[in-house]
Amino acid sequence: MKNLKKFDPEIYKAIKGELARQKDGIELIASENYVSEAVLEALGTVFTNKYSEGYPGRRYYAGQEFTDKVENLAIERAKKLFGAEHVNVQPLSGAPANNIVYSAILKPDDKILGMNLSHGGHLTHGHPSTLSAKIYNFVSYKTEPNGEIDYGKLEEVATAEKPKLVLAGFSAYTKQLDYKKFQEIANKIGAISMIDISHIAGLIAGKAIPNPVLYFDIVTTTTHKTLRGPRGGMIMCRKEFASAIDKALFPGFQGGPHMNNIAAKAVAFKEALQPTFRTYAKQVIKNAKALEKELQKLGFKTIFSGTENHIVLADVFSSKGISGKEAEKVLDEAGITLNKNVIPDDTRGPMDPSGIRLGPPAVTTRGMKEKEMKLVANWICEAIENRNDKKVLSRIREETLALCKKFPLYKNLKLK
Ligand code: DSN
């Protein structure tokens, strides 16, 4: 980065700082991961210079010999990974992907049935502060006190509300969804079915959990969470929705695709097709289970208990008398990064909720296993229980740093 260092030392310094932060901290934000150096290399290329509105073979500007190659490879690899009939790799991220689908298949005021945000759903699945909630009419379903979705109740709501779209998927839920039930409910009321697999895409690609692609009409995802690709989104669908979705993306919603990201997506998909990715995906779930089990032993109440994916949600307010916001801050000081999170029907606000969400996709990438998860859970407990003792927090910080050094990241990436 010698050019950057010379021309823009402030940005250079921030990049260097971020690299050190990522290398030296225990990253437990369930939606984050570390891309490979090959993915990073693809991201920082001259593809960022190119405009390529349209799709391979039918673009609006000339000079598409290499962009077409890259986009076709990304599509081909995604199809192989997920078994989808049609793939669009151009969404800039998950929220645009969801909005593009809504605009492709719905009219303003049409009804969408999605998971309630405090029960694990996502902002774009109907939160009132989003643009989509201003355009469409969202109704929601919730989880039961035992953490499960009651599919009988879901069917009742769907039958009463008659949504045009039945939406599955989550950003803070820990259970395996019954894909077939969603499909049957959508079929029964003549609705389109959609699942947002942003969180679990890597677990599906790595065959650690079942693949929903055959059950749903439309599947959206981000590419940067468990799938371990660059920041971005993707839409997969049955052939009958392909043309509407492609048009809703361009010219409907986005302009030129970010070809450097699409190149990096193609690289990440190739990585996810390797047998080692299956081992990774399975280990992520083993690690999440180990983390949850140890936290429970230490007195943490976990929500949707008995994780079946990469997410653990803990009610720190009722277990340890600390808010999610304060826990996030204290743990950051100890070298452990995670996020505050609402719990079902949280009586506290989203900026200072009762819970924390944590997950091991990133630490698993650096090679940590169940033994390390046990250590991490114990540090979390110790830091929270001794939150006012700076000496304890600083000792834990030293210990987390020592563990990170044992599992090095980006060995060839050294910024001077
Ligand atoms: N920010 C992502 C997450 O953490 O789940 C989803 O929007």
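Atoms within each ligand, like the ligands themselves, are counted from 1 in listed order. Positions are given from 1, in the same order as the sequence printed here.
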If the threshold is 4.0 Å, N to carboxylate O, is there a salt bridge linking E333 and R387?
no
With a 6.0 Å cut-off on the ring centroids, do F250 and Y60 count as close?
yes
Please state which protein non-hydrogen atom is closest to atom 2 (C) of ligand 1 and give its distance, to 0.1 Å?
K225 CE, 3.8 Å
List every atom of ligand 1 that sits less than 4.0 Å from any heavy atom of H199, numbering the atoms from 1 in the order shown and giving each element.
3 (C), 5 (O)
R357 and ligand 1 - part of the residue with a heavy-atom distance under 4.0 Å
side chain
Check for me whether the distance between the ring centres of F182 and Y151 falls short of 6.0 Å.
yes
Indicate yes or no: does K79 engage E76 in a salt bridge with an N to O separation below 4.0 Å.
no
Below 4.0 angstrom from a heavy atom of H122, which ligand 1 atoms are there? Numbered from 1 as shown, please.
6 (C), 7 (O)
For Y410, is the NZ or CZ atom of K23 found under 6.0 angstrom from the centre of its six-membered ring and inside 45 degrees of the ring axis?
no
Any atoms of ligand 1 less than 4.0 Å from a non-hydrogen atom of S31? List them with their elements.
3 (C), 4 (O), 5 (O)
S171 heavy atoms, cut-off 4.0 Å: which ligand 1 atoms fall inside?
5 (O)
